[in-house]
Amino acid sequence: MLGYAAKRLLISIPVIFGILIVTFALARLIPGDPCKSMLGEKATAQTCAAFITRYGFDKPLPTQFFIYMGDMLRGDFGTSVRFSRPVTQIIIERLPMTAELAILALVTATIIGVGLGVIAARRHNSAADVSTMMLANAGISMPVFWLGLMLAYLFGVMLRDTPFWLPPSGRLSAGVSSIPFYEAWHWQLAADNGFRKVLEFFANFYIFNALITGNWAVFWDAIRHMVLPVLALSTIPMAVIARMTRSSLLDVLGRDYVRTARAKGVPEKSVVSEHALGNALLPVVTILGLQMGALLSGAVLTETVFGLSGVGRMLVDAIFSRDYPVVQAFTVMIAVCYVAINLLVDLSYTYLDPRIRPQ
């Protein structure tokens, strides 16, 4: 298994290298001058010359690329042109928000989607089956931004004075703050310590941070703020997973070994859970990997509607302002996450299907 995992990891390296090349090239093919995009009316010839020299835009593109590669291998993503801050620090602040939202949305979509798909398959052509598929079609048809606005209006405005009210924006309520777990545990770390950056990154997962520190007030407040964004973002993948689960399970339930199990008197619940569901999950796992990548890269609309400071909004702003280091860093981070998720999907196949396990 270790050899199989290492082989899949080696195959992923050229993919990541190709992504680096494409990202670097596309960032510089965006029309417009980065100096004028950033400085506006202040962009005189002398100012732009100093700007271009400072950020290395005067060097040949191959030289810029190799400098960029060397910095990336050292974990240095450069300095944001727009904010004059290290991009690594911006990643530490922004990426956990998007990752937390995407993980919660995927977990929600998987649990509900698989459950609905199993119900629809077990009660094929019944009212439950038809109702489930109608809901799935409706879920796929609703744009995320429209659904997000409707949810915010319903739970944030119409139900304002009821127990069902939910916060329509932000990550935490006013006056509620999340204390990083390394500070709560009184860990003394050097300011330039790389390990501290890792801890800061995980501390920005507010729900995780509040859970391990036992700060239940922050935990429940963060959960309440995530309910509406998670519902809006998980609707489409939930519908896709439900349809795929139903289709795959119906196919497996028609196989000979399932009919044999039924003929032997095995209870229907055991037939589905022990004989059919595991085999039916292979295509569903593939969909899960693809949906996780889509959630990470496509959360911009959800973040915009609910006022969340994540990767999506930052990336769009960086593209418009020609902030090359931020665009490259966030694109590469999302791509690496996508490749890692697909690697996990490949490895999960060997667990779900013994026929493809390495001998």
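Residues: numbered from 1 along the sequence shown. The model shown is predicted, which means the values in this text are computed figures rather than measured ones.
- Ion pairing of R262 with E268 is present here, as a side-chain N (NZ or NE/NH1/NH2) and a carboxylate O approach within less than 4.0 Å.
- Taking the six-membered ring where tryptophan is involved, the planes of W216 and F219 are perpendicular, since the angle between them exceeds 60° and thus also 30°.
- Annotation: the span from R224 atom CZ to S173 atom OG amounts to 7.5 Å, rounded to 0.5 Å.
- Taking the six-membered ring for Trp and the full ring otherwise, the centers of F155 and F164 sit at least 6.0 Å from each other.
- Side-chain contact annotation: T98 with E303, donor-acceptor N/O pair under 3.5 Å present.
- The environment of F65 atom CZ is dense: over 12 non-hydrogen atoms of other residues, nucleotides or ligands sit within 6.0 angstrom.
- Remark: the N279 side chain and the R255 side chain contain no N/O donor-acceptor pair separated by less than 3.5 Å.
- In the model, Y206 has no side-chain atom that pairs as donor or acceptor with a side-chain atom of N215 under 3.5 Å.
- Smallest separation of non-hydrogen atoms from P167 and L228: O-CD1, 3.6 Å.
- Using a distance-only test at 3.5 Å, with no hydrogens or angles considered, a donor-acceptor pair links the side chain of R259 to the main chain of G254.
- Comment: D129 engages R246 in a salt bridge, judged by a side-chain N to carboxylate O separation of less than 4.0 angstrom.
- Distance check, rounded to the nearest 0.5 Å: CD1 of I241 to OG of S248 gives 13.0 Å.
- Using a 30° and 60° split on the angle between ring planes, F208 and F205 fall in the perpendicular class, above 60°.
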